[in-house]
Number of protein chains: 2
Amino acid sequence: MTDRVVPEPERRRRRPTKRGIVLTAELIVDTALRLIGQHGADALTVRRLGAALGADPSAVYRYFHSTDDLLLAVADELIGRAQHAWQPTGDWRADLRAIGLRIHAAYQAHPQAALLAAHRTTGRTHEAAAVEAILGVLRTAGFPDLEAVRVYHAFVDQSLGFAALDAAALALPAPAAAADRQVWQASYARLDAATHPHIAATADLLTTDMRRSGYPYALDLLLDAAEARLRAVGGKREG
Amino acid sequence: MTDRVVPEPERRRRRPTKRGIVLTAELIVDTALRLIGQHGADALTVRRLGAALGADPSAVYRYFHSTDDLLLAVADELIGRAQHAWQPTGDWRADLRAIGLRIHAAYQAHPQAALLAAHRTTGRTHEAAAVEAILGVLRTAGFPDLEAVRVYHAFVDQSLGFAALDAAALALPAPAAAADRQVWQASYARLDAATHPHIAATADLLTTDMRRSGYPYALDLLLDAAEARLRAVGGKREG
DNA sequence: TTCTCTACGTCAACGTCGTTGACATAGCCT
DNA sequence: AGGCTATGTCAACGACGTTGACGTAGAGAA
């Protein structure tokens with residue numbers, strides 16, 4: 001039996017597990033998210049998920065074809081949350097900044113899923129709505145179509161790229177994550193000033209700055225440059 | 001025995017394996033890169049690596065503490081290749097642009113490895129050399145230390161983020177990659193102008209632009225903004 | 001109410017993985 | 001020439017994703 005999944009709308013029998021839990025796809029997705037949030041990204045295994053659900057691990061395969069299938073379902077949930085209740089304010093720069101930070105934050109909240117989802121183009125409704133919103137902000141602000149498309153492309157890929165990058169740091173197995181964080185203090189802060197003068201001169205600043213995500217600053221740089229280009233073609237900040 | 005690794009510079013005895021291969025850390029890294037490139041990221045397991053090397057899988061643990069340690073070495077090798085034979089020209093903007101494009105290109109050449117490696121901080125020699133080079137370019141150009149560190153951070157993470165994003169597109173299984181590329185023509189180009197006016201108005205530009213990497217344009221935006229900030233503190237373009 | 005059908009939870013097993021303790025041998029150094 | 005030990009090998013552990021087989025209990029039909 002290579003496929004034991006019954007499509008959700010056709011489900012009829014809701015049989016409780018030995019421990020009295022009634023399973024649903026939604027409950028499994030929520031439990032998976034909780035597992036990641038509480039015990040780290042590497043806590044998401046089928047066996048642990050089964051234990052957390054109060055069910056046999058293999059019961060998960062009645063709802064999802066594979067762990068990858070499950071993770072995509074989780075990711076789908078994230079895309080919706082990032083956009084939930086967003087409204088344009090009329091200030092294009094503030095709007096883009098808000099959208100970027102929302103995308104980033106939504107993925108940060110669930111790094112493991114973000115890693116699988118960030119680099120796919122789905123073409124589904126949530127994604128289309130986001131594309132339309134961003135393009136709308138840019139064109140309404142006065143960007144010519146060609147420039148609007150290019151800024152859109154850079155903006156979106158920058159957001160997703162940073163989202164994946166920062167999510168990966170959170171999704172690493174605990175020892176690897178700790179090692180990555182230690183590198184700046186343990187290695188770079190101790191390099192010889194003779195061989196690495198620039199690192200030595202900025203070691204303190206580096207160890208501080210590298211602890212945070214570089215995204216907010218990079219986003220501001222991108223918006224700076226976009227604003228300059230908009231001004232060059234005669235557009236205004238508000239509009 | 002929790003650590004069976006002998007540091008590379010202290011190695012003396014070069015004992016061949018049963019199949020006559022003389023192992024080195026370098027050979028193992030190269031073989032890992034080849035394995036990933038030929039059979040995908042999932043092909044990188046200690047057992048398969050042993051088979052490809054002509055050695056017992058556990059021999060790898062005489063050279064690397066863990067698979068994660070090996071992966072960091074692979075990542076550092078990619079960084080090293082990106083920096084190979086690079087020389088500063090004195091034009092900070094041209095230098096940063098060249099470094100960024102080199103990093104991007106090096107990772108594109110090994111997409112599967114890039115997916116595993118782009119998100120890690122290795123702290124090894126090649127990475128340290130790259131950090132030193134980039135910081136040197138910025139500080140020599142006249143960026144104050146704090147600003148230099150922030151621009152460095154944004155620059156590196158943006159480069160790695162785009163590298164991973166674009167590598168992911170190349171590393172996808174063929175049908176999934178084709179599907180992702182088709183989305184722009186098959187879905188977005190056909191959206192109703194009533195519900196998605198901005199997408200409809202720019203559909204042609206979108207389908208053209210989304211076929212390329214957004215990195216070069218995003219890089220130029222970042223450099224634009226950095227240049228503006230440098231000018232604001234009194235620096236010059238050449239220097 | 002009873003009967004039937006089958007959805008779905010459970011169990012056990014397979015082959016894989018990373019990793020490590022124990023062992024043996026062969027290369028380097030004195 | 002001889003000893004030390006680096007390094008390759010072997011076997012085993014526990015955890016992983018996944019799947020075939022089984023039985024029971026829930027829903028719908030009568």
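Below, chains carry the letters A, B, ... as their sequence lines are ordered, and counting in each starts from 1.
Under 3.5 Å, the side chains of His196(A) and Asp192(A) contain no donor-acceptor pair of N or O atoms. When only modelled atom types and interatomic distance are considered, Gln108(B) and Tyr215(B) share no side-chain donor-acceptor pair under 3.5 Å.
Side-chain atoms of Tyr61(B) lie closest to dT20(C) of the nucleotides dT19(D), dT7(D), dT20(C). Side-chain atoms of Leu23(B) lie closest to dG8(D) of the nucleotides dG18(C), dG8(D), dT10(C).
Looking at residues two or more places apart in sequence or on another chain, you find a side-chain hydrogen bond (donor to acceptor under 3.5 Å, both in side chains) between Asp56(B) and Ser58(B).
What separates CG of Leu71(B) from C1' of dG18(C) is a distance of 14 Å, to the nearest Å. Between the CG atom of Leu70(B) and the C1' atom of dC17(C) there is a distance of 15 Å, rounded to whole Å. When the P atom of dT7(D) is taken as reference, atom CD of Glu10(B) falls 10 Å away, rounded to whole Å. Taking atom CZ of residue Arg62(B) and atom P of nucleotide dC10(D), one finds them 13 Å apart after rounding to whole Å. Summarising the geometry, the separation between CG on Leu44(A) and C1' on dC16(D) is reported as 12 Å, rounded to the nearest angstrom.
A salt bridge is absent between Arg150(B) and Asp220(A); no separation between the charged side-chain nitrogens and carboxylate oxygens falls under 4.0 Å. Of the charged side-chain nitrogens involved, at least one lies within less than 4.0 Å of a carboxylate oxygen, so that Glu8(B) and Arg11(B) count as a salt-bridged pair.
Residues from residues 45-55 of chain A with heavy atoms under 4.0 angstrom of DNA chain D, sorted by number: Thr45(A), Val46(A), Arg47(A), Arg48(A). Interface residues of residues 14-21 of chain B facing DNA chain D, ordered by number: Arg15(B), Pro16(B), Thr17(B), Lys18(B); criterion, heavy-atom separation under 4.0 Å.
For the pair Ser58(A) and Asp42(A), both in contact range of DNA chain D, the more 5′-proximal nearest nucleotide belongs to Asp42(A). The residue among Asp56(A) and Asp56(B) whose nearest nucleotide of DNA chain C is located toward the 5' end is Asp56(A).
Checked against Val151(B) for a side-chain contact (heavy atoms from CB on, under 4.5 Å), the options Leu146(B), Ile134(B), Leu135(B), Leu138(B) give a single hit: Leu138(B).
Residue-level contact check: Tyr63(A) touches the backbone only, with heavy atoms under 4.0 Å from sugar-phosphate atoms and none from bases. Counting non-hydrogen atoms under 4.0 angstrom, Thr67(B) reaches the backbone sugars and phosphates but no base.
Side chain of Thr207(A) to backbone of Asp204(A): a donor-acceptor contact under 3.5 angstrom is found. Tyr63(B) contributes no side-chain N or O that, together with a main-chain N or O of Val6(B), makes up a donor-acceptor pair within less than 3.5 Å.
Checked by distance alone, Arg4(A) brings no side-chain donor or acceptor within 3.5 Å of a matching partner on the base of dG9(C).
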Stepwise, does the side chain to side chain donor-acceptor pair (under 3.5 Å) test hold for Ser213(A) with Asp166(A)? CA-CA 7 Å; Ser213(A) 167; Asp166(A) 294 334; 2.6 Å; yes

